[in-house]
S.K.: 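So that we are looking at the same thing, I have put the structure below in structure tokens.
We're numbering straight along the sequence, starting at 1. The shown structure was predicted, so the numbers you read here are calculated from the model rather than taken from an experiment.
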Amino acid sequence: MVVVICIAMVVVWGFSSWTISPVSGFGTGEAGTSDDGAMTFATYELDAGDTIYYEYEASEACWFIIRTFDDTDPFNIIVDERLNLSGTQNAGSFECPVDGQYSLSVTFLGTPPEGMATIDYYTQALNEHSILVVTATTTLLIALTVLLAYLAYSDHRCGYRGGVLYMGLGVAGGAMSAALLVTFYLNPTIDFGEGAFELLSMLPGSLFGLCFWVGLFTVLREEEGDDVIWVRGVAVSLVKLTAIIFATLVVFFILTLIYVMN
């Protein structure tokens with residue numbers, strides 16, 4: 001059962017992105033220009049009801065604009081301005097009223113005589129699929145964390161100390177990862193411009209995640225021991241088989257990322 005849950009966890013956590021990637025440009029970064037004209041830094045393909053979260057800070061006064069494009073007729077492309085904000089910094093969310101392409105751009109009202117006007121920005125688009133992925137991932141995290149806590153408590157009561165420490169670390173890692181996942185979903189731009197929180201946000205993928213998986217594989221080792229399964233007459237350790245499956249999934253996930261990024 002634990003093996004099946006581990007595989008489900010990897011699939012949901014690793015292969016399902018809960019954010020919508022831009023069809024062009026970058027959702028997060030820094031952009032600059034020496035001109036006063038409009039500059040588009042991200043374009044999303046979204047449906048009605050989807051949400052765009054944004055936060056930005058510009059070096060010069062500017063307009064932050066969200067537009068939609070209707071290019072069904074190449075001889076009569078219709079551009080509708082959906083949001084127009086002024087000021088050097090702002091943050092909020094925008095719910096898409098119609099299906100289509102949403103272009104995020106900035107128009108600087110002036111640029112320095114020498115140098116460039118720049119804008120640091122963070123945008124993120126979410127839809128109904130995002131809710132499902134976050135719900136499934138959080139549910140699995142909480143379920144496995146509760147399992148680790150129960151087994152650690154049982155071992156402690158029975159006087160067995162072999163895996164209590166590692167399972168305790170797993171409980172801490174799982175609980176923190178679940179809390180941060182929910183936090184980032186409820187407020188996607190929370191770490192924008194916040195160095196301490198941005199650093200903290202990187203930990204679930206390293207320290208917290210490591211603690212969680214170490215605790216989980218401690219359960220596998222303690223529960224399965226030297227149990228084996230037979231594959232075409234060959235005895236294979238269940239723990240080793242689990243490790244091989246997990247490593248294969250990780251490698252496949254990395255190769256998929258490389259293919260998508262290229």
S.K.: Would a hydrophobic clustering, with Ile, Leu, Val, Met, Phe, Trp and Tyr connected at side-chain separations under 4.5 Å, put Val98 with Leu46?
M.R.: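 Yes, Val98 and Leu46 fall within the same hydrophobic cluster.
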
S.K.: Could you point out which residue of Leu85, Leu83, Leu104, Thr51 forms a side chain to side chain contact (heavy atoms under 4.5 Å, CB included) with Phe94?
M.R.: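 Going through the options one by one, the only one that passes is Leu83.
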
S.K.: Does Phe69 CZ have over 12 foreign heavy atoms under 6.0 Å away?
M.R.: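 Above 12, so yes.
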
S.K.: Could you tell me whether the side chain of Ser59 and the main chain of Ala117 form a donor-acceptor pair under 3.5 Å?
M.R.: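 Looks like no, no N/O pair under 3.5 Å.
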
S.K.: Going by side-chain contact (heavy atoms from CB on, under 4.5 Å), name the residues that satisfy it together with Glu81, two or more places apart in sequence or in a different chain.
M.R.: Ile65, Arg67, Asn84

S.K.: With sequence neighbours left out, what residues match Asn127 under side-chain contact (heavy atoms from CB on, under 4.5 Å)?
M.R.: Ile20, Asp50, His129, Ser130

S.K.: Which residue in the set Tyr102, Phe64, Phe41 passes ring pair (Phe, Tyr, Trp, His ring centres under 6.0 Å) when paired with Tyr54?
M.R.: Phe64

S.K.: At their closest point, which heavy atom of Val171 faces which heavy atom of Ala149, and how far apart are they?
M.R.: CG2-N, 3.4 Å

S.K.: If you define the side chain from C-beta out and look only at heavy atoms, does anything of Leu144 sit under 4.5 Å from Leu148?
M.R.: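 SC-SC contact between Leu144 and Leu148 ruled out.
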
S.K.: Write down the atom of Thr40, the atom of Ser103, and the distance for their closest heavy-atom approach.
M.R.: CG2-OG, 3.2 Å

S.K.: Kindly indicate, with the supporting measurements, whether the criterion side chain to side chain contact (heavy atoms under 4.5 Å, CB included) is fulfilled by Val182 and Thr138.
M.R.: CA-CA 8 Å; Val182 173; Thr138 306; 3.9 Å; yes

S.K.: Please identify each residue that fulfils side-chain hydrogen bond (donor to acceptor under 3.5 Å, both in side chains) with Tyr44, with sequence neighbours left out.
M.R.: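 By the side-chain hydrogen bond (donor to acceptor under 3.5 Å, both in side chains) rule, Tyr44 matches Thr123.
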
S.K.: Quick one: side-chain contact (heavy atoms from CB on, under 4.5 Å) partners of Val23, sequence neighbours excluded?
M.R.: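 With neighbours one apart ignored, the set is Thr43, Glu45, Gln101.
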
S.K.: Side chain of Asp120, backbone of Glu57: donor and acceptor closer than 3.5 Å?
M.R.: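 A pair under 3.5 Å: no.
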
S.K.: Atom CD1 of Ile119 and atom CD of Gln89: how far apart are they, to the nearest 0.5 Å?
M.R.: 11.0 Å

S.K.: Are a donor atom and an acceptor atom from the side chains of Tyr122 and Gln124 found within less than 3.5 Å of each other?
M.R.: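 The answer is yes; a qualifying pair exists.
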
S.K.: Can you name the residues that form a side-chain contact (heavy atoms from CB on, under 4.5 Å) with Thr139, not counting sequence neighbours?
M.R.: Thr135

S.K.: Do you know which two heavy atoms are closest between Pro22 and Gly27, and how far apart they sit?
M.R.: CG-N, 3.7 Å

S.K.: Taking all atoms of both residues into account, what is the closest heavy-atom pair of Glu55 and Ala91, and its distance?
M.R.: CG-CB, 3.6 Å

S.K.: Going from OG1 on Thr107 to CE on Met39, what distance comes out if it is rounded to the nearest 0.5 angstrom?
M.R.: 9.0 Å

S.K.: Apart from Phe75 itself, what residues make up its hydrophobic cluster when side-chain heavy atoms of I, L, V, M, F, W and Y under 4.5 Å apart count as a link, directly or indirectly?
M.R.: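 Besides Phe75, the cluster holds no residue at all.
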
S.K.: Could you measure the distance from the CH2 atom of Trp63 to the OG atom of Ser86? Nearest 0.5 Å is fine.
M.R.: 4.5 Å

S.K.: If you round to the nearest 0.5 Å, how far is OH of Tyr185 from CG of Leu126?
M.R.: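 Separation between the atoms: 6.0 Å.
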
S.K.: Is there a continuous path of hydrophobic side-chain contacts, each under 4.5 Å between heavy atoms, that joins Met116 to Val106?
M.R.: no

S.K.: Are Tyr153 and Ile142 connected, step by step, through hydrophobic side chains (Ile, Leu, Val, Met, Phe, Trp, Tyr) whose heavy atoms are closer than 4.5 Å?
M.R.: no

S.K.: Could you grab the distance from atom CD1 of Ile52 to atom SG of Cys96, nearest 0.5 Å is fine?
M.R.: 4.5 Å

S.K.: How many angstroms lie between atom CD1 of Ile78 and atom CG of Asn76, to the nearest 0.5 angstrom?
M.R.: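 Output value for this atom pair is 5.0 Å.
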
